[in-house]
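Heads up: the structure comes next, in structure tokens.
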Amino acid sequence: MSDITGEISISSARFAEIKKETENLLEFKKAIERSSSEKATQLIELILVGSLNLDASDLHFEPEEEKSRIRLRIDGMLQDITSISKPIYDVLLSRIKLLSGLKLNVSDRPQDGRFSINTENSAIEIRSSTLPAEKGEAIVLRILNPKNLMEMEALGLRNDLREIFQKEIQKPNGMIIVTGPTGSGKTTTLYAFLKKIQKPEIKIITIEDPIEYRLEGVSQTQVQPQKGYDFATGLKSIVRQDPDVILVGEIRDLETVNIALQAALTGHLVFTTLHTNDAAGTVARLVSLGAKPSNIGPAVNLTIAQRLVRTVCKKCSSLEKVSPKDLQKITKELKGLPKNVKLPKITANLKTPKIKGCAYCNLTGYRGRIGIYESFLIDDEVEKFILKDPSIAALKEIAVKKGMVTIKQDGFIKVLEGLTTIEEVERVTGE
């Protein structure tokens, strides 16, 4: 048992063989159905490498009455793959539990674990989570592929936004907060910032739950609440480690907020994430956690809200003349943008992407994702305004007056650039 707990090693030849068999969802389904009679080891290799090959972020096994369903989350959307028989699933489940260091004889309560896939080129971390369900134990594997770590230039930032971010992340102190729902790419953005500023002269320490990607040259620590090591406790210790830059995985409580704000006020640059819907809502969220407005204004430099939209498939999408209804939407949404935001001319002859669907994009019309953003700079005027404890609507109004481009507007700009569709932007941001 100890020999196979924690990692699964796959040779280059086997990796290449599976990649050839799993170039799209249909081929992946056929490969699983062909291999369902093979040993659990070979079937797990096939499912894991196939999921990697299709750029899946999560792999779901869902037990039903007589079978277990396999689904993949690709570009943020769940896709049905196939079903396997209960006996085969039970063997797979035991094997995954063994790899993840979970208890085989525990099925009445959730368990969390992790293991890695080792290939000649890289090690890929897999986080596993089991959940007792009505028809048996369900398991979800989160795939943390190092190739998802991006440079800042690859995030999909407009030129004006990139200039703001580059200026703010070079500051010696203050706080930069990235907001958005789970799975909106917040960690990817923060890691891109760290990669941009990383150099031998500065010390970077992160505290995360859990550590998602390993960054060379950065001290990373993981919280363990069951042992009394939470974000607040860890952050207190980190400040005594003489860091220049601190990344706090997530702000969840008043103690963590206060320590992070104090760190930002005492000469540290602090990056963190928060769960709010938009950039303006960040201040209200901090206040609701108990932070004092008199600390928020001076400590916070920049708040960013983001979402991820799917990009159109390069192989089957086409540019077509915009419909009158869509033209009206675009004109209305992009009216009154700041002059420093460069746009193509909006006329009746404007062309926007139209999706079709092919084997390469698994018949969805989309392949890959890109970020859409809004950012709110906290300057002296906004700092004074925060002291009045304003509503989110009032903060958003002042942010727009100061030139903030909203998430939805950024999405529509990406439509004009031929990267995504109006339907996709509205799916993510609301109509």
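A 6.0 Å sphere centred on NZ of K29 holds no more than 12 heavy atoms belonging to other residues, nucleotides or ligands. When the shell of 6.0 Å around NZ of K67 is examined, it contains 12 or fewer heavy atoms from other residues, nucleotides or ligands. Atom CD of E216 sits in a sparse spot, with 12 or fewer heavy atoms from other residues, nucleotides or ligands closer than 6.0 Å. Around CD of E66, the count of heavy atoms belonging to other residues, nucleotides or ligands within 6.0 Å does not exceed 12.
Among all heavy-atom pairs drawn from V312 and P353, the shortest one is CG1-CB, 3.9 Å. Looking at every heavy atom in both residues, F115 comes nearest to S100 through CD2-OG, 3.4 Å. Shortest non-hydrogen contact noted between S184 and P181 is OG-O, 2.7 Å. Closest non-hydrogen pair, T22 versus A31, comes out as CG2-CB, 4.5 Å. When all heavy atoms of N24 and A359 are compared, the closest pair comes out as CB-O, 3.3 Å. Contact record, C361 with G365: SG-N, 3.2 Å, taken as the closest heavy-atom pair.
Considering only heavy atoms from C-beta on, L54 comes within 4.5 Å of F28 through its side chain. Between L48 and I18 there is no side-chain heavy-atom pair separated by less than 4.5 Å. Put simply, the side chain of L289 reaches to within 4.5 Å of the side chain of L274, judged on heavy atoms. Contact annotation: the side chain of L261 approaches that of V300 to within less than 4.5 Å [non-hydrogen atoms, C-beta and beyond]. Looking at heavy atoms from C-beta onward, T206 lies in side-chain contact with V218 at the 4.5 angstrom threshold. When side chains are defined from C-beta on, P132 does not count as touching D108, because their heavy atoms never get closer than 4.5 Å. Inter-residue side-chain proximity for D209 and E250 is flagged as unmet; no heavy-atom pair is nearer than 4.5 Å. Using a 4.5 Å cut-off on side-chain heavy atoms (C-beta onward), N295 and Q262 make contact.
Listed by first and then second residue, the side chain to side chain donor-acceptor pair (under 3.5 Å) pairs involving residues 359-372 are Y366-T421 (not counting sequence neighbours). Sequence neighbours left out, the pairs with a member in residues 163-179 that pass salt bridge (charged side-chain N to carboxylate O under 4.0 Å, His left out) are E168-K171. Counting only residues at least two apart or in different chains, salt bridge (charged side-chain N to carboxylate O under 4.0 Å, His left out) contacts with residues 308-321 comprise R310-E424.
Remark: Q241 pairs with K203, I205 by the side-chain contact (heavy atoms from CB on, under 4.5 Å) rule, at least two apart or across chains. Remark: I370 pairs with V309, T311, K414, L419 by the side-chain contact (heavy atoms from CB on, under 4.5 Å) rule, at least two apart or across chains.
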Dump the intermediate steps for salt bridge (Lys or Arg N to Asp or Glu O under 4.0 Å) on E17 and R14, then the final yes or no.
CA-CA 5 Å; E17 177 194 327; R14 176 72 172 143; 3.2 Å; yes
Take I32 and I47, measure what side chain to side chain contact (heavy atoms under 4.5 Å, CB included) needs, and give me the verdict at the end.
CA-CA 7 Å; I32 293 174; I47 291 171; 4.1 Å; yes
Would V405 and I413 count as a side chain to side chain contact (heavy atoms under 4.5 Å, CB included) here? Give the steps.
CA-CA 10 Å; V405 176; I413 291 168; 4.2 Å; yes
Going through the distances and angles, do N277 and R307 end up as a side chain to side chain contact (heavy atoms under 4.5 Å, CB included)?
CA-CA 10 Å; N277 288 326; R307 302 288 187 277; 4.2 Å; yes
Verdict with reasoning, L46 to E21, per side chain to side chain contact (heavy atoms under 4.5 Å, CB included):
CA-CA 9 Å; L46 171 69; E21 288 182 351; 3.7 Å; yes
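A donor-acceptor pair under 3.5 Å is formed between the side chain of K186 and the backbone N or O of G180. In this structure, the side chain of T273 engages the main chain of G249 through a donor-acceptor pair within 3.5 Å. With S375 contributing its side chain and T303 its backbone, the two residues share no donor-acceptor pair below 3.5 Å. Q220 contributes a side-chain N or O that, together with a main-chain N or O of Y213, makes up a donor-acceptor pair within less than 3.5 Å. Side-chain atoms of S68 do not come within 3.5 Å of backbone N or O of F61 as any donor-acceptor pair. In terms of modelled atom types and a separation under 3.5 Å, the side chain of E374 and the main chain of I407 share a donor-acceptor contact. With hydrogens and angles disregarded, no donor-acceptor distance shorter than 3.5 Å links the side chain of H60 to the backbone of R71. Not a single donor-acceptor pair under 3.5 Å links the side chain of T233 to the backbone N or O of Y229. The backbone N or O of F15 sits nowhere less than 3.5 Å from a side-chain atom of N53 that would complete a donor-acceptor pair. Q409 places no side-chain N or O within 3.5 Å of a backbone atom of L337 that could act as its donor or acceptor partner.
Looking only at atom types and distance, the side chain of E64 has no donor-acceptor partner in the side chain of S83 under 3.5 Å away.
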Listed pairs under 3.5 Å, donor-acceptor, residues 135-150 side chains, sequence neighbours left out:
from, atom 1, to, atom 2, distance (Å)
K135, NZ, E65, OE1, 2.8
E137, OE1, K97, NZ, 2.8
E137, OE2, K97, NZ, 3.3
R142, NE, D58, OD1, 3.4
R142, NE, D58, OD2, 2.7
R142, NH2, D58, OD2, 3.3
N145, OD1, K147, N, 3.2
K147, NZ, D55, OD1, 2.7

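Note on K402 versus D379: salt bridge recorded, some NZ/NE/NH1/NH2 to OD/OE distance being below 4.0 Å. Ion pairing between K196 and E153 holds under the 4.0 Å rule for side-chain N and carboxylate O.
A distance of 6.0 Å separates CD1 of I8 from CZ of R95, quoted to the nearest 0.5 Å. Distance CG/D112 to CG/L102: 8.0 Å, rounded to 0.5 Å. Note that the CG atom of D278 and the CE atom of M404 stand 7.0 Å from one another [nearest 0.5 Å]. The structure places OG1 of T429 at 10.5 Å from CG of D410, a figure rounded to the nearest 0.5 Å. M175 contributes atom CE, which lies 10.0 Å from atom CG of L269 (distance to the nearest 0.5 angstrom). Rounded to the nearest 0.5 angstrom, N301 CG and I177 CD1 are separated by 9.5 Å.
Classification of the F193-F271 ring pair by plane angle, with boundaries at 30° and 60°, yields tilted.
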